Number of protein chains: 2
Amino acid sequence: MTAPTDPAPSAVKSRLLDLMVALGTAHWQDYAATAAQHGLTSVQARLLAQVTAPVPMRGLAEQLGCDASNVTGIVDRLQARGLVVRESDERDRRVKNVVATDEGLATIQRIRAEMQATHTALDALTEDERVTLYALLERLRPGLENRD
Amino acid sequence: MTAPTDPAPSAVKSRLLDLMVALGTAHWQDYAATAAQHGLTSVQARLLAQVTAPVPMRGLAEQLGCDASNVTGIVDRLQARGLVVRESDERDRRVKNVVATDEGLATIQRIRAEMQATHTALDALTEDERVTLYALLERLRPGLENRD
DNA sequence: TATTGTTATACTCTATAACTATA
DNA sequence: TATAGTTATAGAGTATAACAATA
């Protein structure tokens, strides 16, 4: 679509793929380690980051890419620690909306600020380079996020 | 270090961080989903990708960033499926080296080739853009991979 | 009937601690 | 004594299947 079909796949593309896997793993470990400093698993942190506004359990399952039955336990544990609350939906009484408490919101922000490895990595670039990187990554987004 | 300390953190850096979290998650899900098509968990796939040459159990634990006791089970399951084998080290009989079988090697290559979302995303860039992206990501690597 | 959330079950990953066999 | 690998254990994430309440 973007170029005449290449019989031999681009060497750059191949190496870029490896680099993305490596950096993706490192970045993910930074995320998990930072969340762990707050006693959270990476999935708990991800869910918490998605409930700055109320979200139904079902919606959380989609956003997390897991089965709805798992969300029950994850929310249970976050709720037991006072980081989120369940609210019954008034228009559809089957639905329960999850929303972060003030402490939950504060925790999300701290985790974001304390991802040391990621911050250090980004500090290695100039502001202009960050702008360039941002633009390139934004172009990757549609292909990467369209999941079946 | 790279610039006079910024009292207000760069807005670009902040948005870049969010974008990296989003893309990192999407990319990771692509990896996990592709591995799942071969009946492997993401950790099993990662381990498999690291044993193209023999690696001691202990070394695998470090590379995976988990406790050594976990590696036993992961290798057990891969070995039961004929994807890796354990080899006793001749110089130090305490050590067991893990190495992929031919089927294991083929599986790694297939997973790499079948990461559809990632390939689609990279196809959205021109070759020149890929070169630029590669150079920028390579600069992120040192900060991101230096973990304590 | 279909959907939302939950429960029950089984498997995998995870860390901690204790064990064995080597060094 | 120190190290490599294993085992035992407990907690968490995961999918599947079945269920109650509601639409």
Side-chain angles (χ1 to χ4, degrees), chain A residues 25 28-29 31-51 54-81 83-99 147, chain B residues 25 28-29 31-51 54-81 83-99 147:
Chain A
T25 300
W28 183 255
Q29 289 179 340
Y31 190 65
T34 309
Q37 291 172 0
H38 293 266
L40 297 180
T41 66
S42 48
V43 183
Q44 289 171 349
R46 279 177 61 203
L47 191 153
L48 194 53
Q50 283 163 339
V51 290
V55 183
M57 303 287 284
R58 218 75 190 184
L60 287 172
E62 280 183 20
Q63 291 172 25
L64 295 176
C66 71
D67 191 86
S69 62
N70 302 318
V71 180
T72 300
I74 302 172
V75 170
D76 279 350
R77 290 180 269 279
L78 287 173
Q79 189 166 22
R81 294 187 43 188
L83 301 178
V84 304
V85 291
R86 281 174 167 94
E87 296 175 346
S88 285
D89 191 299
E90 298 177 351
R91 289 187 289 186
D92 185 340
R93 291 193 302 178
R94 292 174 302 179
V95 174
K96 291 180 187 171
N97 294 304
V98 182
V99 63
R147 308 221 23 81
Chain B
T25 300
W28 182 256
Q29 289 179 340
Y31 189 65
T34 308
Q37 290 173 359
H38 293 266
L40 297 180
T41 66
S42 47
V43 184
Q44 287 171 350
R46 280 176 62 203
L47 191 155
L48 194 55
Q50 283 162 339
V51 291
V55 183
M57 303 288 284
R58 218 75 189 185
L60 288 172
E62 281 183 20
Q63 291 172 24
L64 295 177
C66 70
D67 192 84
S69 62
N70 301 319
V71 180
T72 300
I74 301 172
V75 170
D76 279 350
R77 289 179 270 277
L78 287 173
Q79 188 165 23
R81 294 187 43 189
L83 300 178
V84 304
V85 291
R86 282 173 166 93
E87 296 175 345
S88 287
D89 192 298
E90 297 178 353
R91 289 186 289 186
D92 185 340
R93 291 193 300 178
R94 293 175 302 180
V95 175
K96 291 180 188 170
N97 295 303
V98 182
V99 63
R147 309 220 23 84

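Convention: sequence-line order gives letters A, B, ...; per-chain numbering from 1. These numbers come from the heavy atoms of this one structure, side chains and all, not from hydrogens, waters or symmetry mates. All of these numbers come straight from a predicted model, not from anything done at the bench.
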Those residues that, when tested against E62(B), pass side-chain contact (heavy atoms from CB on, under 4.5 Å) (two or more places apart): none
Nearest atoms (heavy-atom pairs only) where R81(B) meets G39(B): NH1-O, 2.7 Å
Side chain to side chain donor-acceptor pair (under 3.5 Å) pairs touching residues 65-76 of chain A, sequence neighbours excluded, are D67(A)-S69(A), D76(A)-R86(A)
Which pairs pass side chain to side chain donor-acceptor pair (under 3.5 Å) with one or both residues in residues 36-49 of chain A, sequence neighbours excluded? H38(A)-E114(A)
Between P on dG13(D) and CG on L60(A), what's the gap in Å once rounded to a whole number? 14 Å
Between L47(A) and V55(A), is there a side-chain heavy-atom distance shorter than 4.5 Å? no
Distance under 4.0 Å to a non-hydrogen atom of chain B counts as contact; along DNA chain C, which nucleotides mark the start and end? dT12(C) to dA23(C)
Expressed as a whole number of angstroms, how long is the span from L78(A):CG to dA12(D):P? 11 Å
Measuring only between side-chain heavy atoms, which start at C-beta, is L40(B) closer than 4.5 Å to L78(B)? yes
Rounded off to whole Å, could you give me the CZ-to-P distance for the R81(A) and dG11(D) pair? 16 Å
Taking the side chain as every heavy atom from C-beta outward, state whether V98(A) and Q79(A) have any atom pair closer than 4.5 Å. no
Contact class for R86(B) (heavy atom, under 4.0 Å): base, sugar-phosphate, or nothing? sugar-phosphate
Rounded off to whole Å, could you give me the CG-to-P distance for the N97(B) and dT3(D) pair? 19 Å
Quick one: salt bridge (Lys or Arg N to Asp or Glu O under 4.0 Å) partners of D92(A), sequence neighbours excluded? R94(A)
Walk along nucleotides 15-23 of chain D from 5' to 3' and tag each nucleotide B, S or - by protein heavy-atom contact under 4.0 Å, base first, then sugar-phosphate. BBB---BBS
